[in-house]
Amino acid sequence: MTNLLKTYDVVVIGAGHAGCEAALAAARMGASTLVVTLSRETIGHMPCNPAIGGLAKGNLVKEIDALGGAMGRVADETGIQFKVLNRSKGPAVRGTRAQSDMFLYRAAMRRELEARPGLEILEATVDSLVLEGGRAAGVITHQGHHLRGRTVVVTTGTFLNGLVHMGPVQTPAGRRDEPPAKALSASLKGLHLELGRLKTGTVPRLDKHTIDWDGLEIQWGDEPLPTFSFWGGRPRLPQVACHITHTNPTTHQVILENLEKSAMYSGAIQGVGPRYCPSIEDKVVRFPDKTRHHVFLEPTGLESDEIYPNGLSTSLPPDIQQAYLRTIPGLEQVEILYPGYAVEYDFILPYQLRHTLAVKSIPNLFAAGQINGTSGYEEAAAQGLMAGINAALQASGRPPLVLGRDQAYIGVLIDDLITKGTSEPYRMFTSRAEYRLLLREDNADLRLAESGHRAGLLGEDQWRQVQEKQRAIFALGSHLEGLKLPPSPEVNRQLAALGQPPIKTLATAAELVQRPQMDLESLNGLEWLAPSLDLAPYPPKVREQVEIDIKYGGYITRQADQIRLLEKLEALRLPEDLDFGAIGGLSNEVRGKLEKHRPETLAEAGRISGVTPAAVTVLAAWLRARSRAEKTA
């Protein structure tokens, strides 16, 4: 029962992927937490693709898990197909992906919230924020609740002034059959926050019994099953196949002939859509030379009749959706359970946020997820986790937790939003991370578990597990460095048997592993080494880490040098009240950018689009002069 007289440490608006992680993190850290959501039934809902992870997104899920978040564990528990994408490529660009039973995922995430001590759930619609002395102090609901909070986290997804488009029909909604948050959007505008407009979309849902599965390409998951969580537990559900089909010239012709009926092309939609996840209308128009596009037929659950045709996001009318679907192999007799649609919604331009995801102009107010301009469950959950952590830290008077670009994809995500902004729904890619060789999926626990433990999200057992892994990695690495092979005829004969060139000087086992066709297991083929080489005490994950560290050692060292330079720039903090107009040598354009973004460090200033290296040099000189003046004062 919600206590209306109580002041909560953290009030979270919304219980999508961002809201769930925010609330669970805050409550686990000991903060009294209240989640306000339209319905318990839609907690952790997957309104779009029924999957978690993928390229770069898998890194985010692993990082969420390493910090103590819930998404990875719930995805493992409810996954019905697991794959590692880019498995044949280097470790920096691999990504774990799980096809989920979306109904079981939602139920499992709801159980997480309902079972968490210190976390309460209220079904209501938030209409406005409460401010006291210019600081966020709670919320007011449409139902008349006045709820007090020391901090407030807004995670409204696509609900802010949401408008659903299906051909010429427009319906105020945040998702299908769910009302929008129009009053809250107006409230945020009234607080002088600058809002923009974005668009996203979803696909029609198909009746699996009306699909002709014969002849379609089958896609199975990986064996053994890759998982997200570092903390034990294995997938427990039966594994299923997905299927692949393709559009064709006839499909494209049907779409082109009805293009003016698409909300995207009729001018009805004002928001900007995701460039990297275009609608089928966009694909046909933008890529006229392509005669076909992949369509992945993905089950939404073990007991569900609903199939998600990934790749067919659309805002065409339902009858046109039916017409072009029936031109696709396997879908000639298909029936639509729910038509696809587009939704446009308001978002906060993210330059108005700090790296903690706190709103700069309104203390104690945080924002996370699609409200900050991102797309995807994983991007939302990552922000929700960090906003929840920092709201709880703020409420208890503790210093914030900020992850740098060199520490996590989460750090890259947040820094990109704040310094570069976004004019379209932001999606994470490995190419966005300049230190991606260090930010791999496999080492997320080594990078982030200490931060999660220090914040109070990870328990002693989990932290001890990471420390034991670190010790084992060090021990195996040292062992390999200490094993030396002489350039003897016998050693070279054994190397030749493995297809390896001879050694001419004394070599270590680690140096052999650096060779392209060598790995730890192949060292067992060297009889000279076998008596001293004992890999049995080291788990596969430890061997994997050591092998990666050895093979990519030179690149890793180079990136570490670059990070040390970055740290020096991050240490040069800019005063919050700095008058950029008083600094000579800056152009009016650069001054405008700096005044708008209000960067907190010199490094952050340098990452703002339009701030030149010359301008950074001017700022650095100003900081040096200021430091000298303070020392002589």
Look only at the side chain of E21 and the backbone of A18, and say whether a donor-acceptor pair between them is shorter than 3.5 Å.
-> no
Show your reasoning for whether side-chain contact (heavy atoms from CB on, under 4.5 Å) applies to L119 and L24.
-> CA-CA 7 Å; L119 174 56; L24 287 168; 4.1 Å; yes
Salt bridge (charged side-chain N to carboxylate O under 4.0 Å, His left out) between E63 and R447: does it pass, once the steps are laid out?
-> CA-CA 9 Å; E63 291 176 353; R447 290 185 279 116; 2.9 Å; yes
Considering only NZ, NE, NH1 and NH2 on the basic side and carboxylate oxygens on the acidic side, decide whether D416 and R405 come within less than 4.0 Å.
-> yes
Rounded to the nearest 0.5 Å, how far apart are CG of D519 and CD of E547?
-> 5.0 Å
Does D65 reach the main-chain N or O of F230 with its side chain, forming a donor-acceptor pair under 3.5 Å?
-> yes
Rounded to the nearest 0.5 Å, how far does CE of M386 lie from CG of L413?
-> 10.5 Å
Identify the two heavy atoms, one from Q559 and one from R436, that lie closest to each other, and give their separation to 0.1 Å.
-> OE1-N, 4.2 Å
N/O donor-acceptor pair under 3.5 Å between K551 side chain and R515 backbone = yes
In terms of side-chain geometry, is the basic nitrogen of R427 or E379 positioned less than 4.0 Å from the acidic oxygen of its partner?
-> no
Could I get the full list of side chain to side chain contact (heavy atoms under 4.5 Å, CB included) partners for T601, not counting sequence neighbours?
-> E570, R573, A603, E604
Indicate yes or no: at least one non-hydrogen side-chain atom of K360 is less than 4.5 angstrom from one of L353.
-> no
Donor-acceptor pair between Y351 and E194 side chains, under 3.5 angstrom = yes
State whether the number of non-hydrogen atoms from other residues, nucleotides or ligands found under 6.0 Å of K182 atom NZ is greater than 12.
-> no
Is it true that atom CD of E450 has more than 12 heavy atoms of other residues, nucleotides or ligands lying nearer than 6.0 Å?
-> no
Would you mind telling me which of R591, R598, H597 makes a side chain to side chain donor-acceptor pair (under 3.5 Å) with E595?
-> R598
So which heavy atom on A15 is nearest to which on V35, and how close?
-> CB-CG1, 3.9 Å
Residues two or more places apart in sequence or in another chain: which of them pass side chain to side chain contact (heavy atoms under 4.5 Å, CB included) with K283?
-> P278, I280, F287, H293
Between V130 and V139, does a side-chain contact (heavy atoms from CB on, under 4.5 Å) hold up when you go through it step by step?
-> CA-CA 5 Å; V130 174; V139 302; 5.6 Å; no
L188 side chain reached by L129 side chain, heavy atoms, under 4.5 Å = yes
Before accepting this row, confirm whether a basic side-chain N of the pair D445/K469 lies closer than 4.0 Å to the acidic partner's carboxylate O.
-> yes
Any donor-acceptor N/O pair, S627 side chain to L623 backbone, under 3.5 Å | no
Between R97 (side chain) and L85 (backbone), is there a donor-acceptor pair under 3.5 Å?
-> no
Rounded to the nearest 0.5 Å, what separation is found between the CG atom of N390 and the CZ atom of R354?
-> 11.5 Å
Go through the steps for F366 and T356 under the test side-chain contact (heavy atoms from CB on, under 4.5 Å), then give the verdict.
-> CA-CA 8 Å; F366 296 78; T356 58; 4.2 Å; yes
Is any side-chain heavy atom of I473 less than 4.5 Å from a side-chain heavy atom of L446?
-> yes
Shortest non-hydrogen contact from L437 to Y555?
-> CD2-CB, 3.3 Å
Verdict with supporting geometry, N364 and Q394, side-chain hydrogen bond (donor to acceptor under 3.5 Å, both in side chains) = CA-CA 7 Å; N364 299 342; Q394 172 84 3; 2.9 Å; yes
So do S375 and E424 actually touch side chain to side chain, heavy atoms under 4.5 Å?
-> no
Does one side chain, of N372 or Q383, offer a donor that lies under 3.5 Å from an acceptor on the other?
-> yes
Are the side chain of S478 and the backbone of L476 linked by a donor-acceptor contact shorter than 3.5 Å?
-> no
So OG1 of T155 and CG of L357: to nearest 0.5 Å the spacing works out to 11.5 Å
Going by heavy atoms in the side chains, are D9 and T151 under 4.5 Å from each other?
-> no
Any L403 side-chain heavy atom under 4.5 Å of L67 side chain = yes
Side chain of R94, backbone of K89: donor and acceptor closer than 3.5 Å?
-> yes
The residue among I371, L147, V154 that forms side chain to side chain contact (heavy atoms under 4.5 Å, CB included) with I13 is V154
L578 and W622: which non-hydrogen atoms are nearest, and at how many Å?
-> CD1-CH2, 3.3 Å
Separation between CG (L586) and NZ (K593), nearest 0.5 Å, reads 14.0 Å
Does a salt bridge link K57 with E378, judged by any charged N lying under 4.0 Å from a carboxylate O?
-> yes
Residues V618 and G584: closest non-hydrogen pair is CG1-O, 3.3 Å
Any chance the side chains of E441 and T96 put a donor and an acceptor closer than 3.5 Å?
-> yes
Taking T612 for the side chain and A615 for the main chain, is one N or O donor matched with an acceptor at less than 3.5 Å?
-> yes
Hey, what do you get for CG (L457) to CG (L448), rounding to the nearest 0.5 Å?
-> 11.5 Å
Taking side chain as C-beta onward, heavy atoms only, is V11 less than 4.5 Å from V153?
-> no
In plain terms, say whether R464 and D461 are close enough for a salt bridge, that is, a side-chain N and a carboxylate O under 4.0 Å apart.
-> yes
Polar side chain donor-acceptor pair, Y345 to N161, under 3.5 angstrom = no
Please answer whether the main-chain N or O of G459 pairs with a side-chain N or O of Q462 as donor and acceptor at a distance below 3.5 Å.
-> yes
Answer yes if the side chains of D346 and S185 hold a donor-acceptor pair under 3.5 Å, and no otherwise.
-> yes
Do E544 and I548 pass the side-chain contact (heavy atoms from CB on, under 4.5 Å) test, and can you show the C-alpha distance, the side-chain angles, and the key distance before you say yes or no?
-> CA-CA 6 Å; E544 177 188 37; I548 291 171; 3.9 Å; yes
Given salt bridge (charged side-chain N to carboxylate O under 4.0 Å, His left out), test R607 with D415 step by step and report yes or no.
-> CA-CA 9 Å; R607 292 191 294 270; D415 187 68; 2.5 Å; yes
Within 45° cone of Y409 ring axis and under 6.0 Å: R440 NZ or CZ | no
State, with a plain yes or no, whether a side-chain heavy atom of D282 is found less than 4.5 Å away from one of V285.
-> no
N/O donor-acceptor pair under 3.5 Å between Y377 side chain and C48 backbone | yes
For the student: nearest non-hydrogen atoms of V12 and V10, plus distance = CG2-CG1, 3.9 Å
